[in-house]
**Student:** 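Following this message is one structure expressed as structure tokens.
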Amino acid sequence: MEIIDNKQHLLDQRYMRMARIWAENSYCKRRQVGALLVKNKMIISDGYNGTPSGFENNCEDPNNISMPYVLHAEANAITKVARSNNSSEGATLYVTASPCIECAKLIIQAGIVRVVYGELYRIMDGVELLELAGIEVGYLEV
């Protein structure tokens, strides 16, 4: 049992490092967040925070406040997989910051069974909702 747990922990660390690298694609200045959806040891989707397709890549207004239409990394990964032939049912989501309440709702509805995040956000209501829904949630500092 310990060998399996150790193998999973090593995989979790690798996927989290990849999510951190993917976050570098974000044009957001205040915070860059990356996400990977993994199922059966395959990456089935990815995302980073940013503006919707067709919008300018400006995430913040002149006062450095996030624009209301900026999508979170989790939402981008989930909507991207929805447009593909893949299913997020039973997948694990790796995200560099703990999910907000809105993303937690999407995670639940997408059938994701496990969430691993790498940074604590100041508001933890999203993580609390995931736990309430029976989703396995883990904090992994890399």
Side-chain angles (χ1 to χ4, degrees), residues 1-55 57-61 63-142:
M1 185 76 166
E2 195 172 306
I3 293 171
I4 294 170
D5 291 344
N6 188 43
K7 263 186 169 180
Q8 185 61 56
H9 182 71
L10 290 173
L11 279 173
D12 288 347
Q13 288 179 321
R14 288 181 187 127
Y15 286 128
M16 186 59 70
R17 283 195 304 269
M18 292 169 74
R20 288 188 193 284
I21 290 168
W22 202 245
E24 294 173 13
N25 287 315
S26 172
Y27 287 91
C28 296
K29 295 174 185 144
R30 286 183 46 215
R31 175 174 231 178
Q32 294 180 313
V33 180
L36 293 178
L37 258 176
V38 177
K39 186 173 176 179
N40 300 324
K41 297 183 182 174
M42 292 185 300
I43 297 170
I44 60 168
S45 189
D46 54 60
Y48 50 87
N49 58 326
T51 57
S53 298
F55 282 65
N57 288 320
N58 295 324
C59 297
E60 295 87 9
D61 67 16
N63 296 318
N64 203 32
I65 301 203
S66 288
M67 301 299 261
Y69 51 79
V70 169
L71 290 161
H72 290 187
E74 305 95 315
N76 267 326
I78 290 167
T79 56
K80 189 174 180 180
V81 78
R83 293 180 70 174
S84 74
N85 292 327
N86 284 317
S87 167
S88 54
E89 188 76 35
T92 296
L93 176 71
Y94 294 89
V95 60
T96 59
S98 59
C100 71
I101 192 93
E102 293 301 318
C103 287
K105 291 187 247 182
L106 292 174
I107 291 165
I108 293 164
Q109 291 300 98
I112 295 165
V113 296
R114 186 166 176 257
V115 175
V116 180
Y117 64 93
E119 293 173 19
L120 299 170
Y121 188 60
R122 60 184 168 85
I123 303 168
M124 295 299 287
D125 56 357
V127 170
E128 292 166 8
L129 181 62
L130 293 172
E131 290 171 342
L132 188 63
I135 293 172
E136 183 185 338
V137 181
Y139 171 62
L140 179 65
E141 214 173 359
V142 177

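What you see below is based on every heavy atom in this structure, not just the backbone, and it leaves out hydrogens, waters and symmetry mates.
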**Student:** Around atom CG of Asn85, are there more than 12 heavy atoms of other residues, nucleotides or ligands at under 6.0 Å?
**Tutor:** no

**Student:** Kindly indicate whether the side chain of Val113, heavy atoms from C-beta on, has any atom under 4.5 Å from the side chain of Glu136.
**Tutor:** no

**Student:** I would like to know whether Tyr15 and Lys41 meet side chain to side chain contact (heavy atoms under 4.5 Å, CB included); could you show each step before the answer?
**Tutor:** CA-CA 10 Å; Tyr15 286 128; Lys41 297 183 182 174; 4.2 Å; yes

**Student:** About how many Å separate CG of Asn86 and CD1 of Ile43, when rounded to the nearest 0.5 Å?
**Tutor:** 12.0 Å

**Student:** For the side chain of Asn76 and the backbone of Tyr48, is there at least one donor-acceptor N/O pair under 3.5 Å apart?
**Tutor:** yes

**Student:** With a 4.5 Å heavy-atom cut-off, do Arg30 and Cys59 have their side chains touching?
**Tutor:** no

**Student:** Is the shortest heavy-atom distance from the side chain of Leu140 to the side chain of His9 under 4.5 Å?
**Tutor:** yes

**Student:** With heavy-atom distances below 4.5 Å as the criterion, would you say the side chains of Val127 and Tyr139 are in contact?
**Tutor:** no

**Student:** Indicate the atoms forming the closest heavy-atom contact of Ala91 with Lys39, along with that distance.
**Tutor:** CB-CB, 4.1 Å

**Student:** Using a 3.5 Å distance criterion without hydrogens, assess whether the side chain of Asn40 forms a donor-acceptor pair with backbone atoms of Met42.
**Tutor:** no

**Student:** Would you check if His72 and Leu106 make a side-chain contact, meaning some heavy-atom pair closer than 4.5 Å?
**Tutor:** no

**Student:** Is there a donor-acceptor pair closer than 3.5 Å between any side-chain N or O of Thr96 and the backbone N or O of Arg20?
**Tutor:** no

**Student:** Atom OG in Ser98, atom CD in Glu74: separation rounded to 0.5 Å?
**Tutor:** 8.5 Å

**Student:** Looking only at non-hydrogen atoms, find the nearest pair between Cys28 and Val70 and report the distance.
**Tutor:** SG-CG1, 4.3 Å

**Student:** Check the pair Met124 / Glu131 against side chain to side chain contact (heavy atoms under 4.5 Å, CB included), numbers first and verdict last.
**Tutor:** CA-CA 11 Å; Met124 295 299 287; Glu131 290 171 342; over 6 Å; no

**Student:** How close do Ser26 and Gln32 get, counting heavy atoms only, and between which atoms?
**Tutor:** O-NE2, 2.7 Å

**Student:** Taking all non-hydrogen atoms of both residues into account, name the closest pair between Lys80 and Asp46 and its distance.
**Tutor:** NZ-OD1, 2.6 Å

**Student:** Checking Ser45 side chain against Leu37 main chain: does a donor-acceptor pair fall under 3.5 Å?
**Tutor:** no

**Student:** Taking all non-hydrogen atoms of both residues into account, name the closest pair between Leu130 and Ala104 and its distance.
**Tutor:** CD2-O, 3.7 Å

**Student:** Could you please spell out the steps behind the side chain to side chain contact (heavy atoms under 4.5 Å, CB included) verdict for Ile78 and Ile112?
**Tutor:** CA-CA 10 Å; Ile78 290 167; Ile112 295 165; 4.0 Å; yes

**Student:** Find the distance between CD1 (Ile108) and NZ (Lys105) and round it off to the nearest 0.5 Å.
**Tutor:** 9.5 Å

**Student:** Show the nearest heavy-atom pair for residues Leu36 and Ala19, with the distance to one decimal.
**Tutor:** CD1-N, 3.8 Å

**Student:** Less than 4.5 Å apart, side chain to side chain, heavy atoms only: is that true for Tyr121 and Cys100?
**Tutor:** no

**Student:** Nearest 0.5 Å, what's the CG-CD distance between Asp5 and Gln8?
**Tutor:** 8.5 Å

**Student:** What verdict does the side chain to side chain donor-acceptor pair (under 3.5 Å) test give for Tyr94 and Asp12, after you've listed the backbone C-alpha separation in whole Å, the side-chain angles of each residue and the deciding distance to 0.1 Å?
**Tutor:** CA-CA 8 Å; Tyr94 294 89; Asp12 288 347; 2.6 Å; yes

**Student:** A side-chain contact here means heavy atoms from C-beta on lying under 4.5 Å apart; do Met67 and Thr51 qualify?
**Tutor:** no

**Student:** Once you round to the nearest 0.5 Å, how far does CD of Glu102 lie from CG of Leu129?
**Tutor:** 10.0 Å

